[in-house]
There are 2 protein chains.
Amino acid sequence: MRCLAKRLLSFTRLVQGVNVSAVTSPLVWEHVQPAAARRLLTGAVDAFAERGYQATTTRDIASRAGMSPAALYVHYPSKERLLFEISLYGHNAALEVLRSADAGSTPADRLRSLVAAFTAWHAEHHTIARVVQYELVALTPEHLAEVAVIRRAISTQIEQVLADGVRDGSFAVADLPGTTLAVLSLSIDVARWYTPHRGDPAALGKLYADLAHRMVQT
Amino acid sequence: MRCLAKRLLSFTRLVQGVNVSAVTSPLVWEHVQPAAARRLLTGAVDAFAERGYQATTTRDIASRAGMSPAALYVHYPSKERLLFEISLYGHNAALEVLRSADAGSTPADRLRSLVAAFTAWHAEHHTIARVVQYELVALTPEHLAEVAVIRRAISTQIEQVLADGVRDGSFAVADLPGTTLAVLSLSIDVARWYTPHRGDPAALGKLYADLAHRMVQT
DNA sequence: GTCTATATGCCGATAGAC
DNA sequence: GTCTATCGGCATATAGAC
């Protein structure tokens with residue numbers, strides 16, 4: 001089993017501004033080696049997103065990868081560890097998408113870019129996003145603490161832009177923490193309801209960027 | 001086992017306008033008889049909300065109600081049926097909160113009232129709301145179809161107000177279905193993150209009413 | 001690194017006494 | 001309507017051959 005964390009940031013580096021097409025790459029997991037470990041991981045993402053972590057059996061994951069149940073344990077020491085690697089990767093990818101999108105000369109431009117990219121990521125990668133956002137309780141306390149650090153960084157990224165806009169007078173925000181959470185909520189909830197037939201991720205990103213901007217503009 | 005559905009609408013009838021204090025009644029399940037069935041049901045709500053349906057065992061539910069595992073089956077024929085009764089009740093309660101809140105002379109007043117009440121309900125009843133919003137996949141196809149009807153009615157309630165506002169020129173909405181979903185999303189996602197220490201449900205409702213109104217106003 | 005076979009335990013649900 | 005006892009099955013994870 002190779003170390004996944006070291007390679008987590010590879011693909012999101014390609015994203016610039018609201019160039020959300022870059023996050024639609026199908027080869028998201030190409031850095032996971034060997035191929036058997038990658039098949040197990042992508043099978044687990046699909047299964048966890050479809051049925052949830054607890055309802056997914058190791059037999060199901062193994063069979064999606066074309067293996068016997070026992071073969072899973074050669075690559076991952078437990079089902080929870082598989083979830084953790086997916087969750088850690090997903091959180092880092094989401095944070096990197098935000099950091100790469102935080103470009104623009106005004107708080108309004110930056111906010112629109114952040115919301116568009118974060119929303120499009122949740123739509124395009126709705127299976128990973130579903131695991132990231134809704135399977136936190138299945139993590140061990142230690143692993144949860146690790147991803148919680150990344151979650152705080154994600155929240156801070158949005159809050160900072162809103163605070164900048166308030167300072168220069170382009171935004172009117174009565175409750176900064178509450179509005180930060182609301183803006184994040186809008187994008188995160190996409191993972192709950194999105195399916196490919198519900199529209200283009202980039203178009204959804206643009207709509208949500210507009211809605212978020214209107215929520216705070218003076 | 002008594003029929004729960006017939007008594008679903010009792011408490012939400014008390015709610016008028018944005019009188020969200022009425023939905024904070026702690027005796028939400030008082031109509032479930034006998035008391036043993038009610039203890040099982042409230043125990044199941046807490047357990048499902050904490051760990052999720054699949055991670056909750058019938059032994060856990062029974063022990064929260066102070067009973068042996070076997071006693072559960074005197075009141076409910078299966079674990080899934082317990083989930084269904086909770087989900088059906090919760091959906092009907094949420095819909096009734098919306099219908100009671102749809103009061104006001106202008107689309108703006110109506111939208112603010114709807115969003116305030118719907119948001120406050122998700123905060124105040126975040127345990128029930130979590131089961132309602134995140135455990136749909138555990139329902140049988142037949143039971144899912146039944147709650148899906150209620151979910152469409154909830155969505156329609158919001159969409160109608162937005163459409164009325166567009167018609168009389170008080171709202172500017174580029175994408176009506178998309179904006180409807182976004183407004184609903186904001187409130188629904190409250191069930192994911194809300195805990196009592198994060199503020200007063202009524203105050204959150206007011207904040208979200210303001211944000212939703214700004215999303216659509218001309 | 002993958003397999004077959006299996007250890008070990010908990011799951012949902014039932015049987016039958018009281 | 002509640003209990004104790006238990007059924008049959010499937011869960012995660014391991015042992016050991018190849």
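So you know, we letter chains A, B, ... as the sequences are listed, proteins then strands, and number each from 1. Model, not experiment: these values are computed from the prediction.
- Regarding A:Glu80, its CD atom lies at a distance of 19 Å from the P atom of D:dA11, rounded to whole Å.
- You'll find the ring centres of A:His31 and A:Tyr89 inside the 6.0 Å limit.
- Across C:dT2, C:dA13, D:dG1, the shortest atom-to-atom separation from the side chain of B:Lys79 is found for C:dA13.
- Look at CG on B:Leu83: it is 13 Å from P on C:dG12, rounded to the nearest Å.
- When distances run from any side-chain atom of A:Ala71 to the nucleotides D:dT14, D:dT2, C:dC3, the shortest one goes to C:dC3.
- Between the NE2 atom of A:His75 and the C1' atom of D:dA13 there is a distance of 16 Å, given to the nearest Å.
- Atom CG in A:Asp60 sits about 14 Å away from atom P in D:dC10, given to the nearest Å.
- Put simply, the side chain of A:Ser63 gets close to the backbone of A:Asp60: a donor and an acceptor are under 3.5 Å apart.
- Under a cut-off of 6.0 angstrom, the local environment of NZ in B:Lys79 is crowded, with over 12 non-hydrogen atoms contributed by other residues, nucleotides or ligands.
- Within the 4.0 angstrom heavy-atom criterion, base atoms lie near B:Ala70.
- Nucleotide C:dG12 holds its P atom 18 Å from the CZ atom of B:Arg81, rounded to whole Å.
- Atom P of nucleotide C:dG1 and atom CG of A:Leu40 are separated by 12 Å, given to the nearest angstrom.
- Atom OH in B:Tyr73 sits about 11 Å away from atom P in C:dC11, given to the nearest Å.
- Here the P atom of nucleotide C:dG12 and the CD1 atom of B:Ile61 are 8 Å apart, to the nearest Å.
- Here the nucleotide nearest the side chain of B:Arg59, chosen from D:dT6, C:dC3, D:dT4, is D:dT6.
- Nucleic acid contact for A:Thr57: sugar-phosphate only, since backbone atoms but no base atoms lie under 4.0 Å from a heavy atom of the residue.
- Between B:His143 and B:Phe84, the ring planes lie parallel to each other; the angle is under 30°, not in the 30° to 60° tilted range.
- The B:Met67 side chain lies nearest to D:dT2 when the options are D:dA11, C:dT2, D:dT2.
- Here the side chain of A:Tyr76 pairs no donor or acceptor atom with the backbone of A:Leu83 at under 3.5 angstrom.
- Side-chain N/O atoms of B:Thr58 include one lying less than 4.0 angstrom from OP1 or OP2 on C:dG12.
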